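Some notes on the structure that comes next.
The structure displayed is predicted, hence computed values, not measured ones.
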Amino acid sequence: MVEGARSARIPRAETDGWLTAEGRAVRAAARSQSDLTTVAADSGDLDLVAQSVPLPPPAKVPAPPASKPERRPSGGGTGGVDCSVESCVALTFDDGPNAQTSRLLGILADRGVKATFFMVGQSVASNPAIARAAADAGHQLGNHTWRHPDLTTLDAAGVRDQLASTENAIEEATGIVPTIQRPPYGAWDETVKSVSGDLGLSLILWDVDTLDWQHRDPAKTLEIVKANTHRGSIVLMHDIHSTSVDAVNDVISYLQGEGHTLVTVDQLMGGSTSPGSVYYSGR
Ligand code: NI
């Protein structure tokens with residue numbers, strides 16, 4: 001209560017008849033604010049000190065529906081890079097998008113490097129703007145299933161569901177329909193291959209596993225890249241760990257210093273890949 005303020009408390013029951021429908025709504029809103037400590041808020045009694053009656057939060061105006069992005073190419077293609085002439089390496093990032101993806105996009109933009117992102121459908125659905133930023137920046141997007149299961153434990157319908165729902169989420173967010181998928185844990189079998197082929201997806205594995213998710217050490221990531229990467233390599237990293245993103249500047253500097261051009265998966269493969277085929281590296 002404000003000191004010196006005149007006030008009177010009138011039991012809630014006696015005030016019900018005084019209030020318009022709007023007034024009752026205001027009081028209900030006041031009572032629902034958990035951080036209020038006044039008796040009025042707790043009991044619903046009408047407290048006539050004006051300062052202690054909070055206004056209800058402003059009504060939410062629904063945002064206009066976001067315009068659905070136009071359908072556009074898969075984000076692959078060669079982009080003018082010829083990996084039969086240049087020595088190319090593809091950096092790939094799995095399991096996003098999340099906040100670390102945004103930081104990574106800034107680093108890649110600063111360095112003028114294009115990469116490939118294998119996105120988890122449910123994360124695309126919760127972070128569509130980040131997925132779209134990756135697409136808008138010209139990176140290639142790939143399908144990494146809806147909830148990251150081992151696809152070899154699912155039947156054909158289950159595999160299809162994991163891939164198709166993710167494709168829908170990526171298209172909804174970015175306008176892009178991916179042409180590549182990466183099976184979680186690198187686990188595939190004939191069913192996974194055949195369903196992927198039906199959906200127009202090739203399977204993109206890797207030949208350099210940085211194990212970044214395990215050691216969470218940027219120096220170790222760089223060390224593994226140095227020891228294992230050669231022309232045509234596909235390097236596996238994860239853009240959900242800050243320590244992985246921390247390694248990227250040094251990884252780029254090292255690979256470019258070795259004379260490699262950093263490219264997307266499609267660029268590495270000469271422009272496109274075949275649905276249902278499995279790739280571990282390029283040329
Ligand atoms: Ni993964």
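- Of the possible polar contacts, none joining the R147 side chain to the Q122 backbone as a donor-acceptor pair under 3.5 Å is found.
- Annotation: the span from I224 atom CD1 to D217 atom CG amounts to 9.0 Å, rounded to 0.5 Å.
- Residue pairs that meet the side-chain hydrogen bond (donor to acceptor under 3.5 Å, both in side chains) test with at least one member in residues 159-172, sequence neighbours left out, are R160-D198.
- Pairing each heavy atom of G96 with each of D239, the nearest pair is N-OD1, 3.5 Å.
- Taking 4.5 Å as the limit, some side-chain heavy atom of T145 sits within range of a side-chain heavy atom of L163.
- When all heavy atoms are compared, the tightest approach of A131 to A173 is CB-CB, 4.3 Å.
- R216 places a side-chain N or O within 3.5 Å of a backbone atom of W213 that can act as its donor or acceptor partner.
- Residues D246 and R103 are paired through a salt bridge, judged by an N-O separation under 4.0 Å between the basic side chain and the carboxylate.
- At distances below 3.5 Å, not a single donor-acceptor pair connects side-chain atoms of T264 with backbone N or O atoms of A115.
- The nearest pair of heavy atoms linking L205 to G186 is CD1-CA, 3.4 Å.
- Remark: T191 OG1 to L151 CG distance equals 10.5 Å, nearest 0.5 Å.
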Show every donor-acceptor pair shorter than 3.5 Å between a side-chain atom in residues 174-181 and any protein atom, with sequence neighbours excluded, or say none if there are none.
residue: T174; atom: OG1; partner: I170; partner atom: O; Å: 2.7
residue: T174; atom: OG1; partner: I176; partner atom: N; Å: 3.0
residue: Q181; atom: NE2; partner: S196; partner atom: OG; Å: 3.0

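- Qualifying ring-ring contact (aromatic ring centres under 6.0 Å, His included) partners for F117, counting only residues two or more places apart in sequence or in other chains: F93, H139.
- Taken to the nearest 0.5 Å, the CE atom of M119 stands 5.0 Å off from the CG atom of L141.
- A chain of hydrophobic side-chain contacts below 4.5 Å, direct or via other Ile, Leu, Val, Met, Phe, Trp or Tyr residues, connects V245 to L255.
- Residues A187 and P183 come closest through the heavy atom pair O-CB, 3.3 Å.
- No side-chain heavy atom of T92 sits less than 4.5 Å from a side-chain heavy atom of I204.
- Sorted by first and then second residue, the disulfide bond (SG atoms under 2.5 Å apart) pairs with a member in residues 84-154 read C83-C88; sequence neighbours excluded.
- The line from OG1 of T210 to CG of L91 is 10.0 Å long, rounded to the nearest 0.5 Å.
- Note on L262 and L268: separate hydrophobic clusters, where clusters join Ile, Leu, Val, Met, Phe, Trp and Tyr whose side-chain heavy atoms are under 4.5 Å apart, directly or indirectly.
- Note: D110 CG to N249 CG = 7.5 Å, rounded to the nearest 0.5 Å.
- Between K226 and E223 no salt bridge is recorded (no basic side-chain N to carboxylate O distance below 4.0 Å).
- Considering H144, R182, Q100 in turn, H144 is the only one that fulfils the side chain to side chain donor-acceptor pair (under 3.5 Å) rule with D95.
- Using bins of under 30°, 30° to 60° and over 60° for the plane-to-plane angle, the ring pair H238/H241 lands in the tilted bin.
- Residues A125 and W146 come closest through the heavy atom pair CB-CH2, 3.8 Å.
- When the ring-ring contact (aromatic ring centres under 6.0 Å, His included) test is applied to H260, no partner is found at least two apart in sequence or on another chain.
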Review point. After noting the C-alpha distance and the side-chain angles of V208 and L236, does the key distance pass the side-chain contact (heavy atoms from CB on, under 4.5 Å) rule?
Key: CA-CA 6 Å; V208 179; L236 168 62; over 6 Å; no

Validation: residues 276-283 side-chain donor-acceptor distances under 3.5 Å, sequence neighbours left out:
residue: Y279; atom: OH; partner: S274; partner atom: N; Å: 2.9
residue: Y280; atom: OH; partner: W188; partner atom: NE1; Å: 3.1

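- Note that CD1 of I240 is 12.0 Å distant from CE of M237, once rounded to the nearest 0.5 Å.
- Linking Ile, Leu, Val, Met, Phe, Trp and Tyr residues whenever their side-chain heavy atoms come within less than 4.5 Å leaves L104 and V263 in two separate clusters.
- When all heavy atoms of I234 and W206 are compared, the closest pair comes out as O-CB, 3.5 Å.
- The side-chain heavy atoms of L211 and K220, taken from C-beta on, include no pair separated by under 4.5 Å.
- Under the 4.5 Å side-chain contact rule for hydrophobic residues, L108 and L222 share a cluster.
- Grouping the Ile, Leu, Val, Met, Phe, Trp and Tyr side chains by contacts below 4.5 angstrom, directly or via other members, places F118 with V195.
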**Study point:** Full working for side-chain contact (heavy atoms from CB on, under 4.5 Å) between V113 and Q256
**Key:** CA-CA 10 Å; V113 166; Q256 290 181 335; 3.7 Å; yes

